[in-house]
Protein chains: 2
Amino acid sequence: MDAREVINRLKEHGYKITPQRQEIINVLVQENRHITVEDIHSKISRRYANLSMDTVYRNVGVLERLNVLSRADFGDGKGRYKLVDRERHRHHLICLKCGCSLEMDFCPLDHIDRREISDKNFHIIRHNFEIYGYCAACRGREG
Amino acid sequence: MDAREVINRLKEHGYKITPQRQEIINVLVQENRHITVEDIHSKISRRYANLSMDTVYRNVGVLERLNVLSRADFGDGKGRYKLVDRERHRHHLICLKCGCSLEMDFCPLDHIDRREISDKNFHIIRHNFEIYGYCAACRGREG
DNA sequence: AAATTAAATAGGAATGATTCCTGATTAGGA
DNA sequence: TCCTAATCAGGAATCATTCCTATTTAATTT
């Protein structure tokens with residue numbers, strides 16, 4: 001997903017396009033991996049002083065609600081965000097060291113026997129699937 | 001997993017069995033669903049005053065490191081814990097309302113095309129897969 | 001282009017989960 | 001029973017996130 005698409009999505013839903021919002025989107029587009037709110041804030045702060053964390057949080061929240069941003073939990077208490085891919089939702093191989101993420105074509109819901117769920121009369125709202133480990137570049141220096 | 005098994009695991013690893021630890025384990029066994037540290041603490045506090053939150057956190061951490069406890073994120077910033085099952089690891093359907101969890105037999109790693117991962121030279125350490133939604137009992141009162 | 005206004009912002013305070021610190025207590029082995 | 005490392009309680013500290021409020025601004029209307 002590129003910046004233009006994200007901005008269009010915001011406009012469609014009546015959100016204003018502020019410079020801060022654009023900067024945040026730019027960082028997300030450029031990084032294209034799961035990054036923290038802190039990461040976003042510090043990258044922008046280098047050239048754009050006076051950006052409040054609240055603004056980043058607020059915008060990350062907006063983008064998440066518009067389904068252009070997906071959240072992953074590394075288990076350290078910080079949310080990490082990455083723009084979703086264009087076509088369909090994707091799951092990721094996420095590197096515990098550098099934070100890069102590799103897309104998979106695989107979605108478990110395409111493979112699960114639906115009877116597992118319908119038999120239990122369960123109403124699915126959402127699902128998580130992430131694989132964590134070390135990417136090719138980070139293997140070998142895991143210790 | 002029952003209380004005895006958990007305690008054996010602790011002993012094997014040289015941990016002492018304190019009354020606080022036993023109470024925490026009892027609650028986890030009795031509830032057998034994903035519950036917060038706060039939940040554990042308040043349940044025990046009713047009959048056992050002066051239990052510090054830190055003690056619950058510390059013990060949850062110990063049990064998690066021993067792989068007898070699994071953590072799930074509902075996305076509200078609180079960790080939720082549940083004893084793992086005996087046989088093999090399981091994934092769950094987790095109710096966003098009551099927190100109950102239903103086991104699935106399905107594990108995505110059994111179905112994924114391994115080439116998706118080996119082609120990328122990725123070293124898997126762990127994975128998450130949870131389905132969130134509403135259980136049979138909670139459907140209908142979702143709003 | 002100026003006026004208007006709901007939305008968005010900065011900054012700082014507040015919250016809430018989790019961790020850290022310290023001195024006191026205790027489980028379990030000797 | 002004694003000893004000691006492990007564990008604990010309580011409270012302070014930390015850290016991510018949210019809330020509050022006065023100010024600014026994007027985008028629409030005149």
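Note on naming: letters A, B, ... go to the chains in the order of the sequence lines (proteins, then strands), and numbering restarts at 1 for each one.
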J.: With sequence neighbours left out, what residues match A:N32 under side-chain contact (heavy atoms from CB on, under 4.5 Å)?
T.: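 So A:N32 forms a side-chain contact (heavy atoms from CB on, under 4.5 Å) with A:K82.
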J.: What is the distance from CZ of B:R21 to P of D:dA5, rounded to the nearest Å?
T.: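 Nearest whole value for this atom pair: 17 Å.
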J.: Can you give the first and last nucleotides of DNA chain C, 5' to 3', that have an atom under 4.0 Å from a heavy atom of chain A?
T.: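 Footprint of chain A along DNA chain C, 5' to 3': C:dA6 to C:dG11.
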J.: So, using salt bridge (charged side-chain N to carboxylate O under 4.0 Å, His left out) as the criterion, who are the partners of B:D39 when residues are at least two apart?
T.: none
J.: Would you please name every residue forming a side-chain contact (heavy atoms from CB on, under 4.5 Å) with B:V29, sequence neighbours left out?
T.: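 Partners of B:V29 by the side-chain contact (heavy atoms from CB on, under 4.5 Å) criterion, ordered by chain and then number, come out as B:A3, B:I25, B:L83.
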J.: Sequence neighbours excluded, which residues qualify as salt bridge (charged side-chain N to carboxylate O under 4.0 Å, His left out) partners of B:R71?
T.: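 Salt bridge (charged side-chain N to carboxylate O under 4.0 Å, His left out) check on B:R71 returns B:D73.
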J.: Go along nucleotides 15-28 of chain D 5' to 3' and tag each nucleotide: B for a protein heavy atom under 4.0 Å from its base, S when only backbone or sugar atoms are that close, - otherwise.
T.: -SBBBB-----BS-
J.: Who pairs with A:H41 by ring pair (Phe, Tyr, Trp, His ring centres under 6.0 Å), at least two apart in sequence or on another chain?
T.: none
J.: At 4.0 Å (heavy atoms only), tell me whether A:R58 reaches a base, stays on the sugar-phosphate, or touches nothing.
T.: base
J.: List the residues meeting side-chain contact (heavy atoms from CB on, under 4.5 Å) with B:R114, not counting sequence neighbours, and say none if there are none.
T.: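 With sequence neighbours excluded, B:R114 shows a side-chain contact (heavy atoms from CB on, under 4.5 Å) to B:L109, B:I112, B:I124, given in chain and number order.
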J.: Applying ring pair (Phe, Tyr, Trp, His ring centres under 6.0 Å), name anything that partners A:Y132, two or more places apart in sequence or on another chain.
T.: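 With neighbours one apart ignored, the set is A:F74.
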J.: Taking only residues two or more places apart in sequence, or in another chain, which ones meet B:D76 in a salt bridge (charged side-chain N to carboxylate O under 4.0 Å, His left out)?
T.: B:R80
J.: Measure the CD1-OH distance between B:I24 and B:Y48 for me, rounded to the nearest 0.5 Å.
T.: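 Result: 9.0 Å between the selected atoms.
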J.: Bend angle of the helix from C:dA1-D:dT30 to C:dA30-D:dT1 from five-pair axes at both ends, rounded to 10°?
T.: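 Comparing the first five pairs with the last five, the axes sit 30° apart.
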J.: Using the test side-chain contact (heavy atoms from CB on, under 4.5 Å), find all partners of A:L102 that sit at least two apart in sequence or belong to another chain.
T.: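 Residues passing side-chain contact (heavy atoms from CB on, under 4.5 Å) with A:L102: A:L93, B:K120, B:F122.
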